[in-house]
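One structure below.
As the structure lists them, so they are numbered: ligands from 1, and atoms in each ligand from 1.
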Amino acid sequence: MRPLLSWAGWRAVLARTYSPGPSAGYRGASGAQGYVRNPPVGKCDLQGELDRFGGISVRLARLDALDRLDAAAFQKGLQAAVQQWRSEGRTAVWLHIPILQSRFIAPAASLGFCFHHAESDSSTLTLWLGEGPSRLPGYASHQVGVAGAVFDESTRKILVIQDRNKLKNMWKFPGGLSEPGEDIGDTAVREVFEETGIKSEFRSLLSIRQQHTNPGAFGKSDMYIICRLKPYSFTIKFCQHECLRCEWMDLNDLAKTENTTPITSRVARLLLYGYREGFDKIDLTVEELPAVHTGLFYKLYHKELPDNYKTMKGID
Ligand SMILES: NC(=O)C1=CN([C@@H]2O[C@H](COP(=O)(O)OP(=O)(O)OC[C@H]3O[C@@H](n4cnc5c(N)ncnc54)[C@H](O)[C@@H]3O)[C@@H](O)[C@H]2O)C=CC1
Ligand SMILES: [Mg+2]
């Protein structure tokens, strides 16, 4: 068996942090902005990253000798490293721990580290070193659910389901949770298809509900967004796992029935208003725009803006 890495060796490794250089370019999950890939440091190649807010990001997965390190040696080394970072004026430490190295969580916690977030295969702990209370941003605060109000203008019918897993069965729109990285409209179309077999396309965003300490969101806040969709198939083949019933219902009936949730009732009435007075009265439409700093694109939802206002041509 190879010997465990000594405290002195671990301290030397951990205490070595790096400053961003001109070739910085990597953006870490912790929000790390500048980063330089460093030359290997002996057997333990610590990738210490300094972010643009003066915090240090330590990824234990990048340490060569991790398997040979015991929790007590880690704690001593981390304590010494924190002391050094503090003396260097660092603002915070982000500690990324692979799930199989979770034995390092308790020693870090005993030094004041707290959980910031966890993904399926790793956890991230933080320690604020700066002045006053922590200014580190929290992790995701909401779960996002999206439903599709699939409305067929030619028949005035709307697609509704009753959820199999609810104690009280009320009519509601098919929908479900958004996948990471999924556009709102795509979630609505996917969920509607999975739950009802109906194919549809996105038209607009109709409403957003925000609810805090939601039991279905693990006590976090829930954002529930309802989209207007246009159907292009009509034969229902509903999911037996999730739905008890599914049907095309007259929009007037849905707007008047008591056997529905308040949010479904309100959106049915909103749709009826849009159907009679023009959907432009109720629709938030979407446009893709480029992000200035990242070169990425995003979707912006708002009431339709006349072209002359988009270009500001002829507007004083
Ligand atoms: N006011 C309304 O009309 C309602 C709105 N919502 C909103 O819809 C969104 C969620 O939609 P859903 O249709 O519930 O999600 P979903 O369609 O993504 O998933 C629901 C399915 O996930 C599975 N599932 C969920 N929790 C589970 C657990 N703990 N164990 C095992 N299986 C589980 C079940 O198969 C369940 O049928 C949320 O944003 C929520 O607030 C949900 C219900 C009613
Ligand atoms: Mg669902």
Side-chain angles (χ1 to χ4, degrees), residues 117-120 138-152 157-231 233 235-274 282 284 286 299 301:
H117 65 271
E119 295 288 352
S120 57
Y139 196 52
S141 57
H142 287 66
Q143 91 172 358
V144 177
V146 187
V150 189
F151 181 57
D152 180 16
K157 299 265 185 182
I158 181 105
L159 185 67
V160 283
I161 63 165
Q162 287 189 3
D163 199 320
R164 179 174 290 283
N165 302 303
K166 292 278 183 296
L167 293 176
K168 204 170 170 195
N169 269 301
M170 298 182 135
W171 292 112
K172 61 169 219 175
F173 302 121
L177 296 181
S178 206
E179 307 274 356
E182 187 174 49
D183 281 351
I184 292 166
D186 292 343
T187 306
V189 167
R190 176 181 56 74
E191 284 285 342
V192 164
F193 182 70
E194 286 174 6
E195 293 181 6
T196 69
I198 296 297
K199 293 180 183 160
S200 62
E201 58 191 30
F202 177 81
R203 278 287 175 271
S204 71
L205 198 149
L206 294 173
S207 73
I208 300 174
R209 180 202 68 174
Q210 188 189 31
Q211 188 182 53
H212 302 297
T213 54
N214 185 305
F218 307 100
K220 293 288 175 191
S221 304
D222 181 86
M223 197 81 95
Y224 177 56
I225 301 172
I226 301 183
C227 300
R228 183 166 76 85
L229 306 182
K230 183 183 165 145
S233 83
T235 308
I236 290 171
K237 195 171 167 230
F238 67 85
C239 167
Q240 303 289 335
H241 291 296
E242 197 166 344
C243 308
L244 195 64
R245 296 187 186 83
C246 175
E247 59 183 63
W248 288 105
M249 185 183 283
D250 187 275
L251 182 58
N252 259 336
D253 294 344
L254 184 64
K256 286 181 181 160
T257 185
E258 294 197 343
N259 188 23
T260 189
T261 63
I263 189 167
T264 309
S265 183
R266 176 63 61 92
V267 170
R269 291 166 194 192
L270 189 70
L271 265 174
L272 194 59
Y273 171 61
I282 63 167
L284 298 183
V286 65
K299 299 268 164 65
Y301 301 82

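Salt bridge absent: Asp250 and Lys157 never bring a charged side-chain N and a carboxylate O closer than 4.0 Å. The pair Arg203-Glu201 meets the salt-bridge criterion, with a side-chain N (NZ, NE, NH1 or NH2) lying under 4.0 Å from an Asp/Glu carboxylate O.
Scored by the side chain to side chain donor-acceptor pair (under 3.5 Å) test, Glu119 finds Tyr139 as partners (sequence neighbours excluded). Residues passing the salt bridge (Lys or Arg N to Asp or Glu O under 4.0 Å) test with Asp186: none are found, sequence neighbours excluded.
Only protein N, O or S atoms were scored, and 3 of them lie under 2.8 Å from the Mg ion (ligand 2).
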- request: Check the pair Leu254, Val160 against side-chain contact (heavy atoms from CB on, under 4.5 Å), reporting the backbone distance first and the verdict last.
  value: CA-CA 9 Å; Leu254 184 64; Val160 283; 3.7 Å; yes

task: Please assess Gln210 against Asp222 for the test side-chain contact (heavy atoms from CB on, under 4.5 Å), listing each intermediate value before the final yes or no.
output: CA-CA 6 Å; Gln210 188 189 31; Asp222 181 86; over 6 Å; no

- request: Show your reasoning for whether side-chain contact (heavy atoms from CB on, under 4.5 Å) applies to Phe173 and Thr264.
  value: CA-CA 7 Å; Phe173 302 121; Thr264 309; 3.7 Å; yes

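Residues of the protein with a heavy atom under 4.0 Å from ligand 1 are Gly145, Asn165, Lys166, Lys172, Gly175, Gly176, Leu177, Glu191, Glu195, Arg209, Asp222, Tyr224, Glu242, Thr261, Ile263, Thr264, listed by chain and number.
Residues Gly148 and Val192 share a closest heavy-atom pair of CA-CG2, 3.9 Å.
Between Cys227 and Val146, some side-chain heavy-atom pair lies under the 4.5 Å cut-off.
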